[in-house]
Amino acid sequence: MAAGNAKSPAAQDNHKQALNEFMLGLMRRNPGEGEFHQAVQEVAMDVLPFIADKPRYQDLRILERLTEPDRIVTFRVCWEDDSGNVRVNRGYRIQCSNAIGPYKGGIRFHPSVNQSILKFLAFEQTFKNSLTGLPMGGGKGGADFNPKGKSEREVMRFCQAFMTELHRHIGPDTDVPAGDIGVGAAEVGYLFGQYKRLEGRYEGVLTGKGIEFGGSLIRSEATGYGVGYMMDYMLRHIGESLDGKTCLVSGSGNVAQYCVEKVNHLGGKVVTLSDSSGFVHDKAGIDADKLAWVMDLKGVRRGSIAEYAKEFKADYYEGKRPWAVPCDLAFPCATQNEIHKMDAEALVKGGCKAIAEGANMPSTPDAIEVLQEAGVLLSPSKAANAGGVAVSGLEMSQNSLRMNWTREEVDEHLQGIMRRIHDQCVDHGEDKDQVNYLRGANVAGFVKVANALMAQGVH
Ligand code: NDP
């Protein structure tokens with residue numbers, strides 16, 4: 001099925017006007033929430049033309065309903081640091097939509113966390129979860145807490161204080177959080193322990209848990225592996241492969257690390273990694289041994305990527321992003337809005353042919369425009385990084401069944417899910433001789449949630 005996109009100039013003018021009116025209303029109702037506006041605009045650009053000839057979606061105000069979260073919970077998180085000082089942070093849980101399953105989405109601990117960022121993430125998550133084909137709604141949460149420079153005990157006390165409030169809003173059939181930036185396996189363990197203590201029940205209320213207490217194999221690897229699989233399917237669709245391709249990866253955290261591992265496995269050569277201090281360019285390629293060193297640097301020693309340059313005699317560029325390095329493929333895996341218009345122009349100039357987004361919303365709207373005009377294949381985050389939440393969904397299934405699947409079984413499910421996401425993007429985004437993955441993901445993600453909402457009556 002192709003996307004219902006009328007192409008005449010008059011139809012395009014109508015779509016533009018509908019988009020402007022919709023966005024003006026959204027911006028009036030949500031002032032100062034730039035990231036949320038950006039995420040909605042990216043979806044509305046494709047969904048409004050799609051529903052233009054489908055009055056039922058319009059009459060029932062489906063897009064208006066999906067852009068107003070079911071609820072937003074904010075709360076005080078009060079904890080004591082190692083010196084006995086009382087500290088105060090703000091916690092959030094945004095429950096966007098439970099039309100197709102319990103709310104599901106990560107928790108982010110980062111000083112930049114605010115309502116706008118979490119609303120954009122919860123909105124994106126709703127579409128992403130829909131694409132996985134698993135019964136999961138969309139949500140997101142977090143706090144403006146900076147784990148950097150905190151002791152393990154301080155992080156634990158913060159997690160306990162955060163869950164002391166959050167526990168009343170979540171549950172295995174209502175809302176199932178997971179990790180995100182600043183929330184890895186250790187933090188999920190502390191959050192789970194506190195939930196269990198408060199509720200007196202042992203249940204799969206969080207995903208990304210340790211293997212010993214209900215976690216799934218491959219969950220840590222899933223997002224990065226999924227990004228690699230998505231790129232592989234995109235290239236196969238045009239009769240190519242990753243073999244011998246020069247690849248840029250940004251970030252050096254969970255998603256970036258396992259993306260590098262999968263790209264290496266599929267025959268690509270990764271030459272960059274980055275963090276909040278800058279990026280490294282290693283012309284010889286980041287092989288398995290160097291990657292193991294990075295995992296220790298970031299996961300255990302919590303050091304800066306600058307140390308990589310010294311250890312392996314690579315080039316280091318302080319305060320810069322890697323997008324001007326010539327490449328065939330790019331994998332932004334650090335954070336939102338890390339590819340600006342100038343970066344997109346540099347990527348095109350450097351020969352980049354395809355991008356799979358590991359981070360959520362890493363490309364700004366004007367960067368997307370540049371990339372699309374240049375014919376660069378772009379798989380958006382809601383499709384390319386859905387592997388993480390997909391395996392979280394499989395963790396929920398394993399918890400309900402009270403059994404554990406093997407690595408091979410989970411990886412097989414993950415590949416199947418990424419393949420189906422790819423194919424849905426093609427179904428809804430095929431445009432002459434090229435696939436518009438952005439439109440494909442937006443429309444395919446929308447259709448399932450919209451149909452569920454319509455079936456459940458006006459609420
Ligand atoms: P991590 O915390 O493990 O790693 C984040 C990486 O990005 C670090 O290298 C960090 O640098 C870098 N970074 C953060 N902020 C900036 C910035 N402003 N400029 C440059 N670099 C920055 O997080 P994840 O790998 O888990 O997440 C990365 C992205 O992937 C996020 O957008 C997240 O929402 C998304 N995602 C993650 C999923 C998961 O399963 N983990 C699932 C789906 C999406 P430093 O080390 O200096 O802090």
Side-chain angles (χ1 to χ4, degrees), residues 35 39 104-113 117-118 120-122 124-125 127-129 131-132 136 138 140-142 146-149 177-188 206-208 215-216 218-227 230 249-261 272-280 294-295 297-308 317-323 331-340 343 356-363 380-393 395 414 418:
E35 293 85 358
K104 177 97 199 81
I107 292 175
R108 177 177 292 190
F109 291 163
H110 193 272
S112 67
V113 161
I117 290 182
L118 294 181
F120 117 62
L121 289 165
E124 285 267 308
Q125 194 81 46
F127 289 76
K128 182 185 310 187
N129 294 1
L131 285 170
T132 66
M136 301 182 291
K140 199 83 187 190
N146 188 358
K148 276 190 190 153
D180 189 68
I181 291 179
V183 179
E187 290 77 14
V188 169
L206 285 149
T207 57
S216 173
I218 307 266
R219 173 59 191 94
S220 307
E221 297 90 331
T223 307
Y225 278 14
V227 177
M230 176 58 75
V249 174
S250 67
S252 48
N254 171 272
V255 179
Q257 291 168 12
Y258 290 105
C259 175
V260 173
E261 188 168 299
T272 62
L273 278 174
S274 73
D275 67 9
S276 40
S277 72
F279 83 91
V280 288
V294 171
M295 287 180 174
L297 172 79
K298 285 293 174 183
V300 182
R301 293 188 280 132
R302 295 185 190 237
S304 157
I305 200 69
E307 293 178 44
Y308 179 103
Y317 299 86
E318 192 172 343
K320 297 250 177 339
R321 295 188 282 254
W323 313 123
F331 301 82
C333 294
T335 191
Q336 66 268 5
N337 292 335
E338 54 169 316
I339 299 184
H340 292 247
D343 303 313
E357 295 183 341
N360 283 313
M361 204 171 73
S363 316
S381 47
K382 55 176 83 65
N385 73 20
V389 74
V391 172
S392 277
E395 182 174 331
L414 172 62
M418 295 311 297

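Counting starts at 1 for both ligands and their atoms, following the listed order. Owing to the predicted nature of the structure, the values given are computational and were not obtained by experimental measurement. The residues of the chain are indexed from 1 along the displayed sequence.
Among residues two or more places apart in sequence or in another chain, the ring-ring contact (aromatic ring centres under 6.0 Å, His included) test is passed with F331 by none. For K382, the salt bridge (Lys or Arg N to Asp or Glu O under 4.0 Å) criterion is met by E42, E124, not counting sequence neighbours.
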- [ ] Determine, stepwise, if the pair N360 / K140 fulfils side chain to side chain contact (heavy atoms under 4.5 Å, CB included).
- [x] CA-CA 12 Å; N360 283 313; K140 199 83 187 190; 4.2 Å; yes
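Closer than 4.0 angstrom to ligand 1 by heavy atom are R108, K148, D180, I181, G182, R219, T223, G251, S252, G253, N254, V255, S274, D275, S276, K298, C333, A334, T335, G358, A359, N360, N385, sorted by chain and number.
Pairs of residues two or more places apart, or lying in two chains, that qualify as side-chain hydrogen bond (donor to acceptor under 3.5 Å, both in side chains) and include a residue from residues 297-307 are D275-K298, S277-S304, D296-R301, R301-E307.
Heavy-atom minimum distance, C333 versus V249: SG-CG1, 4.3 Å. Residues Q125 and G106 approach most closely at OE1-N, 4.5 Å, considering heavy atoms.
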